[in-house]
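A quick write-up on the structure given underneath.
Chain letters run A, B, ... following the sequence lines, proteins first and then strands; every chain starts at 1. The basis for the numbers below is simple: all heavy atoms, side chains too, and nothing from hydrogens, waters or symmetry mates. Predicted model only: the values in this text are computed from it and were never measured.
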There are 2 protein chains.
Amino acid sequence: MVQYYQTSFDASFAALSDATRRGVLEQLAYADASITELAAKFQMTLTGMKKHISVLEQAGLVRTEKIGRVRTCKLGQRKLEQELLWLENYRQLWDARFNELDRVVQELKQQELSDGRP
Amino acid sequence: MVQYYQTSFDASFAALSDATRRGVLEQLAYADASITELAAKFQMTLTGMKKHISVLEQAGLVRTEKIGRVRTCKLGQRKLEQELLWLENYRQLWDARFNELDRVVQELKQQELSDGRP
DNA sequence: ATAATACTGAACCATATGGTTCAGTATAGA
DNA sequence: TCTATACTGAACCATATGGTTCAGTATTAT
């Protein structure tokens, strides 16, 4: 894994580790929203929501634009493709690892069998 | 999203938000390892590595077994399938959202055109 | 001009995180 | 039996997190 990805992964997975933030992302996938709207929907103070938005923005998952006194939040440029690839790769390794174990277990069983009947 | 998944997602994404822990998972996908081995590989005290392993264990990503004085760490039962599904779904929503924006932009262009020539 | 709205920043709080050291305990090896 | 190894737990530390309140500032509406 390249060093470059490390910090980026840290930030995006950390951003995803909070239910409110995952909810915000889902919400923004449905429609853009202001801080006030999001704060209301997730029952939180404006300041609290602002912090979450900052985290998402830092991770490149959300982009915001302030027009007048309203800051509108939209989905950012990152669609978590690298993270998706990491997970897919992991699942593949996991499967390979467990298939290998299965194989070993099968071999042991074979041995038992051949030990059983000479 | 069902409430049940929330805490589980919190734990697994939080576990993945650290480069050392992702490294440990990759390592364990390759071969089981003791705490000492992992601590050496990631240049950290035993106690430090033990904490990471605890986090991974809590998240169900790693399973350990102590035989004699050696605790061996192996991949856990969770292969992050739900998390993978969440990311896939998100990417899909993201694409849909941006395609929609493209469509709106196209419509605006069309309008400009028809405004241009009566 | 006044009042309401929308956000922002600082300060605070409790708890978590990622690491350490130090002092054990339990097991394995000579 | 003595010693080295492998882990474990408590305590500590600095910093981050997820939230709050309170006191602003900037915009919009009346």
Closest approach of B:A29 to B:L75 (non-hydrogen atoms, all atoms of both residues): CA-CD1, 3.8 Å
Taking all non-hydrogen atoms of both residues, which atom of B:T45 and which atom of B:A39 are closest, and how far apart? O-CB, 3.9 Å
Expressed as a whole number of angstroms, how long is the span from [X]:[atom1] to [N]:[atom2]?
{"X": "B:F13", "N": "D:dT17", "atom1": "CZ", "atom2": "P", "value": "17 Å"}
{"X": "A:K66", "N": "C:dG9", "atom1": "NZ", "atom2": "C1'", "value": "12 Å"}
{"X": "A:L38", "N": "C:dA6", "atom1": "CG", "atom2": "C1'", "value": "13 Å"}
{"X": "A:M44", "N": "C:dA6", "atom1": "CE", "atom2": "P", "value": "18 Å"}
{"X": "B:R22", "N": "C:dG18", "atom1": "CZ", "atom2": "P", "value": "11 Å"}
{"X": "B:H52", "N": "D:dT8", "atom1": "NE2", "atom2": "P", "value": "15 Å"}
{"X": "B:I53", "N": "D:dG9", "atom1": "CD1", "atom2": "P", "value": "14 Å"}
{"X": "A:L16", "N": "D:dT17", "atom1": "CG", "atom2": "P", "value": "14 Å"}

Out of C:dT8, D:dG19, D:dG9, which nucleotide sits closest to the side chain of A:T20? D:dG19
In Å and rounded to the nearest 0.5 Å, what is the CG to CZ distance from A:D32 to B:R97? 4.5 Å
How many angstroms lie between CZ in B:F13 and CD in A:E83, if you round to the nearest 0.5 Å? 9.5 Å
Taking A:L16 as the fixed residue, which of B:Y90, B:W86, B:F9 is the one that meets the side-chain contact (heavy atoms from CB on, under 4.5 Å) rule? B:W86
Among side-chain atoms of A:E81 and B:W94, is any donor-acceptor pair under 3.5 angstrom? no
Whether the B:T64 and B:E57 side chains hold a donor-acceptor pair (N or O, under 3.5 Å, no angle test) is what I'd like checked. yes
Nucleotide-resolved protein contact map, nucleotides 22-30 of chain C, B/S/- at heavy-atom distance under 4.0 Å: B----BS--
A:T72 and A:E65: CA distance, side-chain angles, deciding distance, side-chain hydrogen bond (donor to acceptor under 3.5 Å, both in side chains) verdict: CA-CA 5 Å; A:T72 300; A:E65 191 185 6; over 6 Å; no
Looking only at side-chain N and O atoms, does A:R71 come under 4.0 Å of OP1 or OP2 in C:dA6? no
Kindly give the atom pairs (protein nitrogen or oxygen, nucleotide nitrogen or oxygen) under 3.5 Å for nucleotides 12-15 of chain D.
none

Is B:I35 touching bases, backbone alone, or none of the nucleic acid, heavy atoms closer than 4.0 Å? sugar-phosphate
Comparing B:E37 and A:A14 on DNA chain D - which has the more 5′ nearest nucleotide: B:E37
Single-linkage hydrophobic cluster A:M44~A:V55, side-chain heavy atoms < 4.5 angstrom: no
